[in-house]
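Residues: numbered from 1 along the sequence shown.
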Amino acid sequence: MSSEQPFKRSKVLDSVRGIAILFMIPLHLFLFGGGAESLVGEGGGGGGSSEWAALIAKLIVVNTQRPLGSGLVLFFFITGVALSLMLLKYKGKGLKQIEVRVLKRYGLYILAGIAFSLLFRVFYYLQTPGAVFDPINWLNWTFSSFMDLSGPILGLGVSAIIAFPIIFKWDWKKLALAGLVLAVIEAAAIYLIPFERHVVTNFFITNSFSVGKGLPLVLFGGAVGKWMGVGRKLDRRVVAVSAAVTLGYFFVPTLLGSGGWHMIIAVWAFPHAAIFIAAAGIFSLAIFQKLEERGTRLGAFQALGRSSFIVYYGHYVILMILNAILGLAGVKVTLMISVGELIISTATIWILIYYFSKRRWGPPSTW
């Protein structure tokens with residue numbers, strides 16, 4: 001029988017978020033730091049657009065062209081868990097009181113995401129001879145691009161704001177059912193309806209991190225958060241099923257001919273991504289819950305998880321600085337240089353965030 005008790009966010013939820021970020025940083029640095037382009041170039045022929053397209057086709061097993069393409073929206077799932085656990089922190093308060101906090105937090109994320117997206121575009125505008133200064137078009141691109149820098153932040157912020165009243169009112173069973181129904185509706189829409197390119201349909205339905213693709217994961221995360229928030233454990237059967245589905249992602253595409261590339265470029269097609277993320281999220285929570293019970297020190301991962309927003313944009317800033325230095329020095333990015341950037345950037349942001357966290361919240365043992 002379960003008993004009401006607070007869920008220790010710092011040792012479970014932040015650890016899961018932290019390990020997810022740790023996997024995300026190298027992927028982003030490789031894709032946007034010149035690693036992928038250098039791989040094409042070294043593969044023979046100078047890295048033309050046709051070779052780049054051929055590489056992308058090799059990396060992806062299932063059809064991920066618009067509107068099927070989906071980012072791995074683990075952070076949507078984690079956000080749903082966090083929203084559920086927020087109800088424990090503010091237990092006894094009404095919907096309006098807590099919703100104000102949700103609006104402030106995720107509204108700030110949305111505004112910051114827009115600002116950072118524009119800032120990065122200005123940076124590349126200043127580095128590109130002959131580029132046109134067009135902030136209106138840049139803003140439209142931020143919301144309508146298939147894979148934009150701030151796309152995950154904007155989609156997550158809007159999804160969280162929409163999901164919170166539902167998470168507040170419904171129990172875990174209704175939330176899980178709602179997530180499933182919305183995922184089916186979204187899948188049916190993008191498979192059956194030929195959507196035109198428009199900022200509204202892009203942002204809410206077809207983009208890699210669209211609200212329609214992310215919202216089911218937020219609701220499902222909310223269901224899991226309510227399940228765990230009252231002291232329930234993820235039993236062996238649930239963990240076994242989630243582990244099997246998660247492992248299936250690594251092996252099945254290989255059998256279909258990916259050559260293992262899908263484990264490096266972790267892009268899938270909706271609704272495949274939703275199934276994998278839900279399973280991986282549950283399995284990760286179960287693992288860190290067990291580590292917490294054993295008293296394992298998780299401060300290094302928690303530091304990343306507690307400051308995920310700063311980490312997300314911070315590693316891009318470091319990458320920009322490194323690329324600017326290489327550009328001024330006239331150094332062409334090769335695969336080895338890209339790997340060096342990856343190591344330096346990941347280590348730098350991790351060290352900075354860890355000591356920032358210690359100064360702000362004290363020793364990790366007290367988190």
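- Between the side chain of Gln97 and the backbone N or O of Gly94, at least one donor-acceptor pair lies under 3.5 Å.
- Taking CZ of Phe204 as the reference point, atom NE2 of His198 lies at 11.5 Å (rounded to 0.5 Å).
- Classification of the Phe77-Phe220 ring pair by plane angle, with boundaries at 30° and 60°, yields tilted.
- When all heavy atoms of Gln289 and Met228 are compared, the pair lying nearest together is NE2-CE, 3.0 Å.
- The two residues Ser159 and Phe76 come nearest to each other via the heavy atoms OG-CE2, 3.6 Å.
- The aromatic ring centres of Trp138 and Phe120 sit 6.0 Å or more apart.
- The minimum heavy-atom distance linking Gly305 with Arg17 is given by the pair O-CD, 3.1 Å.
- Ser84 and Gly222 make their closest contact through OG-O, 2.6 Å (heavy atoms, listed as atom of the first residue, atom of the second, distance).
- Note on Leu111: it does not cluster hydrophobically with Tyr109, by side-chain heavy-atom contacts below 4.5 Å among ILVMFWY residues.
- The structure places CZ of Phe133 at 8.5 Å from CG of Leu126, a figure rounded to the nearest 0.5 Å.
- Without hydrogens or angle criteria, Thr201 side chain to Glu196 main chain gives a donor-acceptor distance under 3.5 Å.
- Tyr312 OH to Ile153 CD1: the interatomic distance, rounded to the nearest 0.5 Å, is 5.5 Å.
- Note on Val245: it does not cluster hydrophobically with Val239, by side-chain heavy-atom contacts below 4.5 Å among ILVMFWY residues.
- Using cut-offs of 30° and 60° for the angle between ring planes, the Trp361 and Phe356 rings count as perpendicular.
- Of all non-hydrogen atoms in Phe168 and Leu95, the two that sit nearest each other are CZ-N, 3.5 Å.
- Atom CD1 of Ile78 and atom CG of Leu83 lie 12.0 Å apart (nearest 0.5 Å).
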Test side chain to side chain contact (heavy atoms under 4.5 Å, CB included) applied to Thr142 and Arg121, step by step: CA-CA 10 Å; Thr142 297; Arg121 294 192 186 283; 4.2 Å; yes
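- Note: Trp227 and Trp172 have perpendicular aromatic rings, judged against thresholds of 30 and 60 degrees for the angle between ring planes.
- Counting only heavy atoms from C-beta outward, the side chains of Ile110 and Ile161 approach each other to under 4.5 Å.
- In this structure a side-chain-to-backbone donor-acceptor pair under 3.5 Å is missing from Ser117 to Gly113.
- Here the CG atom belonging to Asp14 is positioned 11.0 Å from the CZ atom belonging to Phe288, to the nearest 0.5 angstrom.
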Verdict with supporting geometry, Val132 and Tyr125, side chain to side chain contact (heavy atoms under 4.5 Å, CB included): CA-CA 7 Å; Val132 178; Tyr125 160 77; 5.8 Å; no
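- In the hydrophobic clustering of ILVMFWY residues, with side-chain heavy atoms under 4.5 Å counting as a link, Leu352 and Ile310 come out apart.
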Test log, rule side chain to side chain contact (heavy atoms under 4.5 Å, CB included), inputs Ile167 and Val218: CA-CA 9 Å; Ile167 292 174; Val218 177; 4.3 Å; yes
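- With Asn202 contributing its side chain and Ser144 its backbone, the two residues share a donor-acceptor pair below 3.5 Å.
- With respect to the salt-bridge test (charged N to carboxylate O, under 4.0 angstrom), the residues Lys96 and Glu99 do not qualify.
- Criterion: ILVMFWY side-chain heavy atoms under 4.5 Å apart, direct or through other members. Under it, Val184 and Val181 are not part of a common hydrophobic cluster.
- The shortest distance between side-chain heavy atoms of Leu88 and Leu85 falls below 4.5 Å.
- Side-chain polar atoms of Tyr106 and Thr79 form no donor-acceptor pair below 3.5 angstrom.
- No more than 12 heavy atoms of other residues, nucleotides or ligands lie within 6.0 Å of OH in Tyr355, so this atom counts as exposed by the packing criterion.
- Follow the hydrophobic side-chain contacts under 4.5 Å out from Ile287 and you reach Phe75 in the same cluster.
- Although no hydrogens or angles enter the test, the distance criterion places a donor-acceptor pair under 3.5 Å between the side chain of Trp350 and the main chain of Ala300.
- Within 6.0 Å of the CD atom in Glu293, the count of heavy atoms belonging to other residues, nucleotides or ligands exceeds 12.
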Pair Phe203-Leu154, side chain to side chain contact (heavy atoms under 4.5 Å, CB included): steps then yes or no: CA-CA 9 Å; Phe203 182 71; Leu154 300 178; 3.7 Å; yes
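- In this structure, Thr296 contributes its side chain and Glu292 its backbone to no donor-acceptor pair below 3.5 Å.
- With a 4.5 Å cut-off on side-chain heavy atoms, Ile205 and Phe195 count as touching.
- In this structure, the side chains of Leu304 and Ser308 stay at 4.5 Å or more apart for every pair of heavy atoms.
- A donor-acceptor pair under 3.5 Å is formed between the side chain of Lys213 and the backbone N or O of Asn207.
- What you find for Val16 and Ile19 is that their closest heavy atoms are O-CG2, 3.1 Å.
- Looking at Lys174 and Asp171, no side-chain N of the basic residue comes within less than 4.0 Å of a carboxylate O on the acidic one, giving no salt bridge.
- To the nearest 0.5 Å, atoms OG1 (Thr348) and CD1 (Ile343) are separated by 11.0 Å.
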